[in-house]
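One structure is given here, and the rest of the page talks about it.
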Amino acid sequence: MSYLYHTITPHHHKGELIAYVLRVFIKKGRDVNCLETRVFPINNPQNFKSTYDLADLYGKLTVADLKKGGAK
């Protein structure tokens, strides 16, 4: 069994990037199930990277917590 998160998927609306979508998965053998989907809206269109970094950090911390057994 392993936990992983999908590197952020950009979400576009009418040609503009409006959010990053993060998905956390659990993999057991060949089965992969999504545990959580979270949306990180872009608050500053001039600085997309800060939103990406926030979503990426959330993914890393969530997976680390799941591996420790913190979330049931």
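Computation of the quantities below employed the complete heavy-atom set of this structure, encompassing side-chain atoms and omitting hydrogens, waters and symmetry-equivalent molecules.
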TODO: Say whether Val24 and Ile26 are linked into one hydrophobic cluster, either directly or through other cluster members, by side-chain heavy-atom distances under 4.5 angstrom.
DONE: yes

TODO: Using a cut-off of 6.0 Å, state whether more than 12 heavy atoms not belonging to His12 lie near its atom NE2.
DONE: yes

Task: Nearest-0.5 Å distance, NZ of residue Lys67 to CG of residue Leu4 - done: 8.5 Å

TODO: Determine the minimum heavy-atom distance between Pro41 and Ala19, stating which atoms define it.
DONE: CA-CB, 3.9 Å

Report, one line per pair, each donor and acceptor closer than 3.5 Å where one atom sits in a side chain of residues 43-50; sequence neighbours left out.
| residue | atom | partner | partner atom | Å |
| --- | --- | --- | --- | --- |
| Asn44 | OD1 | Gln46 | N | 2.9 |
| Asn47 | OD1 | Ser50 | N | 3.3 |
| Lys49 | NZ | Asp53 | OD1 | 3.0 |
| Lys49 | NZ | Asp53 | OD2 | 3.2 |
| Ser50 | OG | Asn47 | O | 3.1 |

Distance-only check: which donor-acceptor pairs under 3.5 Å involve side-chain atoms of residues 29-38, not counting sequence neighbours?
| residue | atom | partner | partner atom | Å |
| --- | --- | --- | --- | --- |
| Glu36 | OE1 | Tyr58 | OH | 3.4 |
| Glu36 | OE2 | Tyr58 | OH | 2.6 |
| Arg38 | NH1 | Tyr58 | OH | 3.4 |

Task: Distance flag, aromatic centroids of Tyr20 and Tyr52, threshold under 6.0 Å - done: yes

Task: ILVMFWY cluster, Leu66 and Met1 together (side-chain gap under 4.5 Å) - done: yes

TODO: Could you list the residues that satisfy salt bridge (charged side-chain N to carboxylate O under 4.0 Å, His left out) with Lys60, not counting sequence neighbours?
DONE: Asp56

TODO: Kindly indicate whether the side chain of Ile18, heavy atoms from C-beta on, has any atom under 4.5 Å from the side chain of His11.
DONE: yes

TODO: Could you tell me whether the side chain of Leu22 reaches within less than 4.5 Å of the side chain of Ile8, counting heavy atoms only?
DONE: yes

